[in-house]
2 protein chains.
Amino acid sequence: MLTDRQLLILRAIVDDYIKTAQPVGSRTLSKRDDVTFSSATIRNEMADLEEMGLIEKPHTSAGRVPSESGYRFYVDHLIQPGTLTARETRALRSLFAHSANENDRLIKHTADLLGELTHYTALVLGPKQEQHRLHHLELIPLADGKVVIVLVTETGHVEHKTLTLPEALSKEATDRLMERLNHTLQGTPLSLLGKRIAEEMQRYRSEHSEQTALLSNALEIVLSDQRRESPSIYLGGKAYMFDQPEFQDVAKLRPVLELIEKQEALLDFMTPELDNQILITIGSENNVDALKDCSVIRAHYSVDGVSLGTLAVIGPKRMDYNRGINSIIHLLQAFQTELRKNGLD
Amino acid sequence: MLTDRQLLILRAIVDDYIKTAQPVGSRTLSKRDDVTFSSATIRNEMADLEEMGLIEKPHTSAGRVPSESGYRFYVDHLIQPGTLTARETRALRSLFAHSANENDRLIKHTADLLGELTHYTALVLGPKQEQHRLHHLELIPLADGKVVIVLVTETGHVEHKTLTLPEALSKEATDRLMERLNHTLQGTPLSLLGKRIAEEMQRYRSEHSEQTALLSNALEIVLSDQRRESPSIYLGGKAYMFDQPEFQDVAKLRPVLELIEKQEALLDFMTPELDNQILITIGSENNVDALKDCSVIRAHYSVDGVSLGTLAVIGPKRMDYNRGINSIIHLLQAFQTELRKNGLD
DNA sequence: TGTTAGCACTCATGTTTATTGAGTGCTAAT
DNA sequence: ATTAGCACTCAATAAACATGAGTGCTAACA
């Protein structure tokens, strides 16, 4: 167990290092107002903290730097909540005021805002569409046997596909088919849509003419394909990565930026098993090599108890956890409110 | 006017520098197979070329490096066409084979492909939607007075907006309105849609009940807004930027990557006055500070004589112009063919 | 007269050597 | 238990030097 003084020193080291990115030495610390004891005492305590694995020195004659365990301890025990400044709260409110009632834009907006609040790169994982329920299917014929099929969910989410049919179809036949599909499938979650539509089509084909077989086939393929589309990830504040001193080296910067652009890779990362709390992972805890020098703060957002997606902030291990956590908490609130207002998507 | 020997030397310098990124000296050159004269002679010629402003030296005792004018001359006079390797052509064909018949994907795909071919970052400016003509409007009511309006163009392009109406509307009223709108507005270019719809609505409102005034108002706002959406830009091969030795310094890399993410900034850049040729701009010729160390190759693509958008490759001034130009030419062909097949978008 | 060998000169780059100073650990005195 | 004091370490910076790739110029050559 750590003594109060050790806690004070550890917190001071982490705080200082977060601010300056420079190893912090005993003399520097001894000059702080809240430190009443001498640098020699600090050195002794530091030696102990180092033995416990909470801090380390880059080399013999350098100051101390928090180790990963040090950050972990800091995050778990030493962070004092703190709040957003009035200005930030105002910014948050006014910025949301402008946001459209389309959820796509709202999400993009949220990502930007989170970046701006934290000065780190922000990620927002959009809601999985599998849970959405079908509201309406519309089939719109174009020239040349091409057909646009539009799918609207109960939440107002719209998807569309274009397909080309080898033969023209009679309007009556398609109308009949669509009416039937809409009738039978309304309310089906997108995740089941593929299967349901296959069943329905089989029944339909046995009852009806060969002509619509073509269409039904195409529909089946197209709509079951929808299901596979993974939710998208929105980025905000990408440029903040450039500001971090630890990423001034392109070799360090590159893997992070590359990972961030890779939707697939991020997907795993953004859908962690996660109690309804905020999850902070530090360096190697991320289990992703590209993020071994980064820390990530994640939180799920939900509406009416249904978890929909994830907010995340990504920065160097020497991240301002306080600010990150606070920003994400506040934004989470505002964002969820906004989402609920829009009708959940 | 340059002598043949000077041309040979200039070309050799540029070629060499493109390959190695190292200043090239007279001795190195004299060892090439196609050089029959001595390093001293080369030095004399180099002095002349330098006097003409075609090459320069980073410092007194370094080799020579092409100046911007040097690249310009090289591009204008010294490039020999060359072709893609068989493997590349095959890759190109097979990759397009997989591409969906949605133009969005086709374009994204093209951007990736262009990046892969050139090993530079590629940009594709999507077609302006202003020229598209309206094919169909569909209005789909959701719960809570929310309404999704879906717009389909003759080319199969789909846009949608969600709006919230303060009062519920009768099905008949909306059906009547939509039928009329579809009838009147079909074939209207999106660029004119805002105006047309305003006119039409005015007429309509005078004829019909107050109730639909709400809807028509909303529609007017929503649809005229569409017009403002600028065409999007697709990126491919972003990561190749990291490979360039000239961008190993974050300070150099940053402005370029930042610019590339900025849709608005790129828009100007991607819509240049451009004869139907390929346009190459080198360094300061780009008139964009962030690109002062870059060269850009651009080409418009068109279908049936209508210019639709732009392909571009962006790399260091020391870019492999040959490869860039060839790739863009071949891809341009393939892409346009594919687009025509899809029906122009 | 154009070409080339030769040579002095330049200057980025790399290596070695000192110098400095921020930091530590340990010990002895308080 | 705390702290002053001191010897020690080592990154960082600077200065001194060597190296070598490159140049420009001149004089000899074909």
Notebook entry, point to check: B/Y234 versus B/D112: any side-chain heavy-atom pair under 4.5 Å?
Noted result: no
Check: Between C/dC11, C/dG25, C/dG23, which one does the side chain of A/T28 approach most closely?
Finding: C/dG23
Notebook entry, point to check: Are any non-hydrogen side-chain atoms of A/R32 and A/L29 less than 4.5 angstrom apart?
Noted result: yes
Note to self: So A/A40, base contact, sugar-phosphate only, or nothing? Heavy-atom distance under 4.0 Å.
What the structure shows: base
Checklist line | 5'-most by nearest nucleotide on DNA chain C - A/P23 or B/T60 | finding: B/T60
Next item on the list: Would you mind telling me which of D/dC10, C/dT4, C/dG25 lies closest to the side-chain atoms of B/F37?
Entry: C/dT4
Note to self: As a test of reading the structure: which of D/dT3, C/dG21, C/dG25 is closest to the side chain of A/N44, going by heavy atoms?
What the structure shows: D/dT3
Item checked: Ion pair check, B/K19 and B/D15, cut-off under 4.0 Å -> no
Notebook entry, point to check: For A/Y17 and C/dG23, what is the distance between atoms OH and P respectively, to the nearest whole Å?
Noted result: 14 Å
Notebook entry, point to check: Nearest to the side chain of A/R43, which nucleotide is it out of C/dA22, C/dT24, D/dA4?
Noted result: C/dT24
Item checked: Nucleotide D/dG24, atom P - distance to CD1 of B/I42 in whole Å -> 13 Å
Next item on the list: Write down the distance between CD (A/E51) and P (C/dG25), rounded to a whole number of angstrom.
Entry: 11 Å
Margin query: Please determine whether a side-chain nitrogen of the Lys or Arg among A/E246 and A/K317 lies less than 4.0 Å from a carboxylate oxygen of the Asp or Glu.
Written below: no
Checklist line | Which nucleotide in D/dG24, D/dA4, D/dT9 has an atom nearest any side-chain atom of A/S38 | finding: D/dA4
Note to self: From the set C/dG23, C/dT3, D/dT3, return the single nucleotide nearest to any side-chain atom of A/T41.
What the structure shows: D/dT3
Check: For the pair made of CE in B/M46 and C1' in C/dT3, what is the distance, rounded to whole Å?
Finding: 16 Å
Check: Which whole-number value in Å describes the distance from B/L29 CG to D/dG22 P?
Finding: 10 Å
Next item on the list: Indicate whether OP1 or OP2 belonging to C/dG25 is found under 4.0 Å from a side-chain N or O atom of A/K57.
Entry: yes
Item checked: Whole-Å distance separating the CD atom of A/E56 from the P atom of C/dG23 -> 17 Å
Margin query: Among C/dT10, C/dA22, D/dG24, which nucleotide has an atom closest to any side-chain atom of B/E50?
Written below: D/dG24
Next item on the list: May I ask you to decide whether A/E261 forms a salt bridge with A/K238, counting only side-chain N to carboxylate O separations under 4.0 Å?
Entry: yes
Check: Do A/F242 and A/L253 come within less than 4.5 Å of each other through their side chains, counting heavy atoms only?
Finding: yes
Next item on the list: State which of C/dC11, D/dT23, C/dG25 makes the closest approach to the side chain of A/A47.
Entry: C/dG25
Item checked: Interatomic distance where CD1 belongs to B/I13 and P belongs to D/dG22 [whole Å] -> 12 Å
Notebook entry, point to check: Rounded to whole angstrom units, what separation is found between the CD atom of B/E45 and the P atom of C/dT3?
Noted result: 7 Å
Check: Is the base of C/dG23 touched by the side chain of A/R27 through a donor-acceptor pair closer than 3.5 angstrom?
Finding: no
Notebook entry, point to check: With respect to the side chain of B/R64, which nucleotide from D/dT23, C/dT24, D/dT9 is positioned closest?
Noted result: D/dT23
Item checked: Under-4.0 Å side-chain N/O to phosphate OP1/OP2 contact, A/S26 with C/dT24 -> yes
